Structure formats: structure tokens, C-alpha cells
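Step one of this worksheet: look at the structure below.
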2 protein chains.
Amino acid sequence: MGRSALWTAIRDTLVRDIGEGHYAPGQRLPTEAQLAERFGVNRHTVRRAIADMADQNIVFSRRGAGVFVRHIPTPYRIGRRTRFRQNLAAAGRVAERRILSLETRGASAQEAKALRLAKGDAVHVYEGISLSDGAPLALFCSVFPADRFPKILEHLTENGSVTAALAAHGVSDYTRKSTEITAKAASKTHATLLELPVGDPLLRTVAINIDSAGKPVEFGRTWFAADRVTLMTGDA
Amino acid sequence: MGRSALWTAIRDTLVRDIGEGHYAPGQRLPTEAQLAERFGVNRHTVRRAIADMADQNIVFSRRGAGVFVRHIPTPYRIGRRTRFRQNLAAAGRVAERRILSLETRGASAQEAKALRLAKGDAVHVYEGISLSDGAPLALFCSVFPADRFPKILEHLTENGSVTAALAAHGVSDYTRKSTEITAKAASKTHATLLELPVGDPLLRTVAINIDSAGKPVEFGRTWFAADRVTLMTGDA
DNA sequence: TAAGATTTGTGCGTATGTATA
DNA sequence: TTATACATACGCACAAATCTT
């Protein structure tokens, strides 16, 4: 045996092929049998290379169907000034929001604490789907104090933009106080709305946005399809 | 029906019971039948409440076994000064690192780019498991430029602390330039090492640490067991 | 709807080279 | 040196999921 394993060379070749666009995102690779013939190796050796690429989230395989190139995840910057449209524009994607529901109800304990309200105080709630280039990227649930933003649901109906709706209520700027990030497997409801298999990992962020005076203006929860996004903090 | 559904009251009661410690993390709740009797409702109503708690990651159910309270996730702060031991100490946990492997090899393309080296330049690689209160919390892989930190593996063998090992090479302080966060399902290898089921979601962070002069000193990748941790950015 | 072909997933056995004790 | 463990590679067979007809 040489200095490095045979399967690593096969992996590197396939990774280069994908990088050069011979196999586009979403497209199927040749079958394991075909690749084994192409490289003149056993099918197990090809499988070892594919397993490593799957580990690196470059491809994924579906039994009975084939091995597919993953979509390039949208980079999504999380920082003091996190804006959905700006983030997607920076990644060269077309941002879109689809409204699932708009309602007014009493705040839960968690929502009340985040917005510095009493439990049961009226809040406006905006639920929907974020799309990137037409594909579902995330589900979100934004909660606003109803007394301070009485007409926010109407503004959201028109435009969908949280930034614009807050601006219409005199909040010219807001910043993110904190973000919590967790992950969990997709439930059936999540999976259906995001068009992915049940059990696929979701990235969940919980954020509090405050105005320039430090008062909470929005409590937001978002569930990202994990294989369609990379959350980023800091410079790079 | 009153102002709110019956199952929400049952959920709130159970959540309060758990919060007050009547059911400890890892412990089993009473059976659905017992809960149904306690609340004087149908088992389906209890199931609706449990389903909501499972959605919120408060409990999880195992067919044939019961419903169990999840462990409280360790809050893990990600910022410019991210330190494993400090983070866990702040959460009141006992931090520990177990070495899986220490090796020297050529840098991959990704590693080389992050550390501003040429592909194939020698790097020291430190792989291991992070433990929180004795339970596996995360897998990590830290990569260091070999020419600048020639003896780092020996220091890591003694202590395990990256901060201490870098200090021994004259790096008194380092900061995190960036962090990327993704999620994926656990492979068999990951699952075995982290002692969780295959397919459970993992939080993956990729970080570059730089010294005070801005030179990269460490390229680190970490896979957290998602249900044992909450990543946090910002103030709160 | 059903049958059959295709494709990946899994398991077992064999053999060889490399690193470690 | 020997012995043992481990990674690599090949071959065969069948199961499970998927796609096509």
C-alpha cells in the first residue's frame, strides 16, 4: 500500500469533480457500481470515499435512489445587526417570506420574560416561512408587545419585513441582545413545512431584539433546515 | 372549551412540576394512564400535553419504556473569548477532556486556508471528547501549525488544556475570529463516542482562533450533542 | 395497483500491509 | 523477534428502499 489510502484519492477526485461543477447541487452521482468500474476498485472502496464525503456534508445518500450532491448552504450572519433580507442578499440569494399566521394572544411565560411583560399581556405573533431562492430555509415565530406596536400585524401583512414594520412604529434601528442556538430533529409539522424528511436536524435560534434604549421590541424563534444554512458569528 | 385548551393547563402543570424538581432530569414521568387518571382526562389529552413538551425538548418518550425528563442543557457561550473550562465552570459543571488521538500530519486544504499555511504543511492535531459532569458533551478536533508550536502535543498530553498549551508557547492570549455553526445527524462513530442514538442531531462549530497580532493559532471543529448544550451569543 | 429492475445498506469471509506492545 | 491489533481492499450475497413499467 502507498503512503495514503486508495479511497482518499477517490474522495479527492470526486470532491474536485463536484467543485468544478461536473456534478451540480441536487444532482445524482454515478452509481457506486459505475464509480467502482471507473476507478478500477471494489465497490466497498468507493463506498468508503462516499462515506467520508457524507461525513463532511458534501453529499448524502438515499437507499434505493442514489448519492446526491448537497446544496451549498446559505451563510447566515448572526450578530448585533441581524437582518434576514440583508443576510440573504449578501449571499446572493433571493429572500422571501410567506405568512403562515398572524394573531394576537396572551404572552407565555417565556415570551413575557423576554419582552419584560407580565404573563398573559397581549402580544402580536407573526409566524411564517423564510425562503431562499424559492426553497424553504426556515420557520419563524416573531412576538411583539401589542401595546407598543398596535398596528404591526397590518404592516406585516403588507410587506412581511420586520424591519419595515418596526420602522413604521418609530423604531428606526434595533439590535440583537442575545441569541441561543440549539438543534433538534424535525417533527412531522416542521418537516412538512420545510419540505424535508422527518428526523432531519434543525437549527433553532432564540433571539431578543432591543431598541436603542435597550427595551425589547421583538422575541424571535427560528427553525432553520440545517443542511441549507450555516450560521456565522464574528468576522470571517 | 374555556379560553385555552385543557391540554395546555396539563402541560403547564407538568412543566412546573419538572421545574420544581418533582421529576429530575433523566427520570421517568408517571405513565400516560396514571397522568390521565390524576388529571381526570382522557389519555389522548395527556398525550397532547406530552407531545408539546417533547416539541419543546423538555421531555422525550421511548416506546415501551416511558416518558423521560431531558437533562438541562449546558449553556455554552460563544464569543471572542471562548474557553471550554471557563464556560462549563460558569454553568456550574465539572469540565474534563479525554484524549482520543494526538498526531502530526499534513494540513488539508480547509485547514491550510484557515491557518494561512500551504496544503500539506505539517500540523499537530488534537482529537478528543469534552465531558460535562462526567457525561460526554462534545467531540473536538483542534489543529495547530507545527512549526510555530513544535511541542504542543506534549503539553496537551500533560494537561489537555488548549489555553495552557498555547501559553507554554508564548501565546498569553487568543481570541476567536469567527465561528460557523451547522447541524447534522450523528453518524455511528459520533453516536458511539457521545453515547447517544444514531441520527440524533449534533451542533457543529468551526472556529478560528488568532493571537493578539491576528495570526491564526488554532483551527477547531467541535461536535456537540445537541440536547446537552445551548450555544449562546451576545449578552443574556 | 402490482411486478420487476435498480441502487444503496449490511454482513461475512479472506487477504495484506502497517503500527504497536 | 514475535504477537496482536488495526486499517485497507476485494469478493459475494442478501436486505431494504426506490424507481420504472
Side-chain angles (χ1 to χ4, degrees), chain A residues 1-18 22-71 135 185-188 191-192 194-201 225-227, chain B residues 63 98-108 111 120 122-129 139 141 143 146 152-154 156-158 160 184-202 221 223:
Chain A
M1 204 182 313
R3 291 192 53 83
S4 65
L6 190 50
W7 65 264
T8 62
I10 293 172
R11 175 202 57 194
D12 293 343
T13 302
L14 289 174
V15 167
R16 192 164 0 98
D17 285 354
I18 292 169
H22 293 102
Y23 307 113
Q27 200 185 332
R28 219 194 67 183
L29 294 188
T31 68
E32 293 174 352
Q34 288 170 335
L35 290 172
E37 195 182 6
R38 166 179 164 191
F39 292 108
V41 298
N42 188 273
R43 191 178 139 227
H44 283 299
T45 310
V46 170
R47 283 180 59 75
R48 182 71 183 82
I50 290 172
D52 196 70
M53 290 195 290
D55 251 21
Q56 292 180 58
N57 270 357
I58 297 167
V59 300
F60 65 96
S61 51
R62 280 173 47 213
R63 183 197 290 214
V67 178
F68 300 83
V69 180
R70 281 201 186 276
H71 287 93
S187 70
K188 191 171 179 185
T192 305
L194 288 171
E195 296 171 20
L196 45 80
V198 172
D200 262 26
D227 64 349
Chain B
R63 192 200 306 220
R98 194 172 294 158
I99 297 171
L100 285 177
S101 78
L102 294 165
E103 63 162 339
T104 304
R105 56 166 171 74
S108 73
E111 292 159 355
V123 287
H124 294 314
V125 182
Y126 171 30
E127 289 187 326
I129 306 181
L139 304 174
C141 172
V143 181
I152 201 161
L153 294 188
E154 296 157 36
L156 290 168
T157 308
E158 289 168 22
K184 68 167 293 193
S187 69
K188 192 173 178 185
T189 310
H190 289 150
T192 306
L193 291 168
L194 289 172
E195 296 171 19
L196 46 78
V198 172
D200 263 26
L202 303 180
R221 282 163 288 192
W223 290 261

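In this text the structure is predicted, and so the values were computed from the model without any measurement. Naming convention: chains lettered A, B, ... in sequence-line order (proteins, then strands); numbering from 1 in each chain.
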Which ones in residues 35-50 of chain A lie close to DNA chain C, meaning a heavy atom under 4.0 Å from one of its atoms? A:Arg43, A:His44, A:Arg47
Interface polar pairs with nucleotides 15-19 of chain D, N/O, under 3.5 angstrom:
unit_1, atom_1, unit_2, atom_2, d
D:dA16, O4', A:Arg63, NH1, 2.3
D:dA16, O3', A:Arg63, NH1, 3.4
D:dT18, O3', A:Arg62, NH2, 3.4
D:dC19, OP1, A:Arg62, NH2, 2.9

Side chain to side chain donor-acceptor pair (under 3.5 Å) with A:Gln56: which residues, sequence neighbours excluded? A:Asp52
Collect all protein-nucleotide pairs involving nucleotides 19-21 of chain C in which both atoms are nitrogen or oxygen and the distance is under 3.5 Å.
none

Check side chain to side chain donor-acceptor pair (under 3.5 Å) between A:Asn42 and all other residues, then give those that pass, not counting sequence neighbours. none
Pairs where residues 54-67 of chain A contributes a residue and the test salt bridge (charged side-chain N to carboxylate O under 4.0 Å, His left out) is met, not counting sequence neighbours: A:Asp55-B:Lys184
Quick one: list whatever passes side chain to side chain donor-acceptor pair (under 3.5 Å) with A:Gln27, sequence neighbours left out. none
Whole angstroms only, please: what is the CH2-C1' distance between A:Trp7 and D:dA9? 13 Å
Going by ring-ring contact (aromatic ring centres under 6.0 Å, His included), name the pairs with one or both residues in residues 41-64 of chain A, residues two or more places apart or in two chains. A:Phe60-A:Phe68
Name all residues meeting the side chain to side chain donor-acceptor pair (under 3.5 Å) criterion together with B:Glu103; count only those two or more places apart in sequence or in a different chain, and write none if there are none. B:Arg105
Among residues at least two apart in sequence or on other chains, which ones pass salt bridge (Lys or Arg N to Asp or Glu O under 4.0 Å) with A:Asp227? A:Arg70
Taken in chain and number order and not counting sequence neighbours, the residues that satisfy salt bridge (Lys or Arg N to Asp or Glu O under 4.0 Å) with A:Arg43 are A:Glu32
With B:His124, which residues qualify under ring pair (Phe, Tyr, Trp, His ring centres under 6.0 Å), at least two apart? none
